[in-house]
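Right, one structure below, let's go through it.
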Amino acid sequence: MAKIKSIHARKILDSRANWTVEVEVNGVSGASPAGASTGTHEVPTVPADIACDFINNKMKKAFLNHEMNQKEIDRKLKFLTGKIGSNGAIATSFAVYNFLWDERQFNRSVFPYPLGNVFGGGAHGGSCYMQEVLLCPKKAKTFPDAVQKMTDAYHELKKELKDMGLSLGMNDEGALTANIGFMELMDILKPIADHNGCAIGLDIAASEMYRHNKYYYRQKEQFLNRDEQIDFVDHLIKKYNLFYVEDPMNEDDFDGFSKIHSKNKKTLVTGDDLTTTNTQRIQRALGKINAMIVKPNQIGTVTQAFDAISLCKKSHIIPVMSHRSGETTDATIARMALDFECPIIKCGIADMRTAKINELLRLWDKTDKPKMKKI
Ligand code: PGA
Ligand code: ZN
């Protein structure tokens, strides 16, 4: 087995022009993304310089000549997150994963469906109270066709909003923004999604709008209590035939998720801030959700993310591999989604997020008899 011969950390910029950590292990790199609507239960980050300093001056000595074994290295990283943060840990863990990826004979051929943020707001910028309006090209038969359908819908929506005379922007996740009411936007998007073979999903990121036990809808200047929130989400699912709803309730309201799930069995009621890629929290969510976001940097290492995915698969919860709003061109999550057979990857549509999509397009092209995972 190969050994760690060199390890070096440096600061690089993420897509929001914030410093993040990049680590090179034996010349192969991994970089940490960063969230803006982070869950309270995520493993904390530390400032990039502190993480880099610790990795280069303290951690390195203990890691040199260590066998390139993902589980063993991740076990050590897990105990160092107090010093190097989830950001230093995941950058190192990604680098090791990418080194091993280059070494092994890759034989995975079942590809995830992309889930792309087409219109946004909330913590990622834009006037809309809804954080993410998502498209999933469920009717596609191949990964390239899925990308075609999703981007066709994106361009069509963009044109339609432009033709209405709206001035358009792009937020932190490369999603479109415009000064339009959420329901009006949904009414415009629904036929576009339908004729491009896409289903619609939402990331409500409800913890971001939760104040004094109520949900604050800033475009409407309206507060909803818990029951009203459940009814509103239920109404949206039915009206727009939503196939996916992420974080519809506050991050500690497991029973609220359960209420929405029990009324809407065909919709993927998905935990993100609820579960934070943490197996203990997934245990609490069993039977209450049927899908879960996997953000490796929420928990700190590839192995722990994989443990979360394994638990999901045993528990009939669909793992959805996901980017963060602050990204780099690191495409490790695209490899992991394929490697761990996640049925869905949420990684945006436009801007530098195409790094993940492009990695999957390359892998599709290089794979003998690739096929899509059934969803
Ligand atoms: P992030 O959130 O800004 O914390 O990456 C994205 C999401 O809620 O899915
Ligand atoms: Zn989310």
Side-chain angles (χ1 to χ4, degrees), residues 14-18 20 31-45 85-87 90 114-126 128-136 170-175 177 200-210 215 233 242 244-253 256-257 260 267-278 281-282 285 289-300 305 308 312 317-328 330 332-333 337 342 344-353 355-356:
D14 74 10
S15 54
R16 271 192 285 253
N18 291 325
T20 189
S32 176
S37 87
T38 46
T40 312
H41 306 284
E42 297 189 21
V43 175
T45 57
S86 60
N87 42 341
I90 201 64
L115 175 63
N117 188 354
V118 67
F119 190 93
H124 300 153
C128 188
Y129 55 72
M130 189 58 65
Q131 186 166 287
E132 297 171 25
V133 180
L134 301 150
L135 291 173
C136 184
M170 211 185 221
N171 75 5
D172 284 1
E173 287 205 344
T177 61
I200 301 181
L202 299 176
D203 182 1
I204 299 178
S207 299
E208 291 294 319
M209 50 168 86
Y210 196 61
Y215 297 89
V233 174
L242 300 180
Y244 177 98
V245 175
E246 184 179 325
D247 279 348
M249 304 300 289
N250 180 46
E251 63 193 347
D252 288 315
D253 189 359
F257 277 72
I260 294 170
T267 300
L268 296 180
V269 177
T270 307
D272 172 11
D273 294 345
L274 180 84
T275 35
T276 55
T277 319
N278 178 322
R281 290 188 68 82
I282 301 168
I289 54 173
N290 53 353
M292 192 200 84
I293 281 286
V294 178
K295 290 172 172 166
N297 78 322
Q298 280 181 328
I299 193 68
C312 284
I317 293 176
I318 290 185
V320 178
M321 184 59 72
S322 173
H323 65 166
R324 301 302 305 245
S325 52
E327 266 299 341
T328 70
D330 180 295
T332 314
I333 62 161
C342 294
I344 302 174
I345 181 168
K346 186 169 99 156
C347 60
I349 300 178
D351 81 6
M352 67 194 300
R353 276 142 224 290
K356 278 77 168 163

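All ligand and atom numbering here is 1-based and tracks the order in the structure. It should be emphasised that the depicted structure is a prediction, and the values quoted were computed from it without experimental measurement.
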Restricting Glu246 to its N/O/S atoms, the closest one to the Zn ion (ligand 2) is OE2

Give me the residue, atom name and distance of the protein heavy atom closest to atom 2 (O) of ligand 1. Ser37 OG, 3.3 Å

If you check every N/O/S atom of Asp272, which is the one nearest the Zn ion (ligand 2)? OD2

Report, in ascending order of atom number, the atoms of ligand 1 lying under 4.0 Å from any heavy atom of Glu173. 6 (C)

Tell me which part of Asp172 gets within contact of ligand 1: side chain, backbone, both or neither, using heavy atoms under 4.0 Å. neither

Atoms in ligand 1 with a heavy atom of Gln131 nearer than 4.0 Å: 6 (C), 7 (C), 8 (O)

Report yes if Glu246 has an N/O atom closer than 3.5 Å to an N/O atom of ligand 1; otherwise report no. yes

Between Ala36 and ligand 1, is there a nitrogen or oxygen pair with a distance under 3.5 Å? yes

For atom 4 (O) of ligand 1, grab the closest protein heavy atom and report residue, atom and distance to one decimal in Å. Arg324 NH2, 2.7 Å

Side chain, backbone, both or neither: the part of Ala205 lying under 4.0 Å from ligand 1 by heavy atom: neither

After noting the C-alpha distance and the side-chain angles of Asp273 and Arg281, does the key distance pass the salt bridge (charged side-chain N to carboxylate O under 4.0 Å, His left out) rule? CA-CA 10 Å; Asp273 294 345; Arg281 290 188 68 82; over 6 Å; no

With heavy atoms and a 4.0 Å threshold, my read on which part of Asp272 contacts ligand 1 is side chain

Residue-ligand contact His323/ligand 1, heavy atom below 4.0 Å: no

Kindly confirm or rule out an N or O of His124 lying under 3.5 angstrom from an N or O of ligand 1. yes

Rounding to 0.5 Å, atoms CG (Asp203) and CD (Glu246) come to a distance of 3.5 Å

Between the Zn ion (ligand 2) and Asp203, which N, O or S atom of the residue is the nearest one? OD2

Hey, what do you get for CG (Asp172) to CZ (Arg353), rounding to the nearest 0.5 Å? 7.5 Å

For Asn290 and Val269, indicate whether the former's side chain and the latter's backbone hold a donor-acceptor pair under 3.5 Å. yes

Non-hydrogen side-chain atoms of Thr38 and Arg324 separated by less than 4.5 Å: yes

Is there side-chain contact between Val320 and Ile293, with at least one heavy-atom pair below 4.5 Å? yes

Quick one, Glu42 and Ser86 - any side-chain contact, counting heavy atoms below 4.5 Å? no

Are any of the N/O atoms in Arg16 less than 3.5 Å from those in ligand 1? no

Below 3.5 angstrom, do we get any N/O pair linking Glu42 and ligand 1? no

Within less than 4.0 angstrom of ligand 1, does Ala123 place any heavy atom? no

What's the verdict on side-chain contact (heavy atoms from CB on, under 4.5 Å) for Met249 and Leu274, showing C-alpha distance, side-chain angles and the deciding distance? CA-CA 9 Å; Met249 304 300 289; Leu274 180 84; over 6 Å; no

Just by modelled atom types, is the Asp330 backbone N or O under 3.5 Å from a matching donor or acceptor in the Thr332 side chain? no

May I ask you to identify the nearest protein heavy atom to atom 7 (C) of ligand 1, giving residue, atom name and distance to one decimal place in Å? Lys295 NZ, 3.1 Å

Number the atoms of ligand 1 from 1 as they appear, then name those within less than 4.0 Å of a heavy atom of Lys346, with their elements. 9 (O)

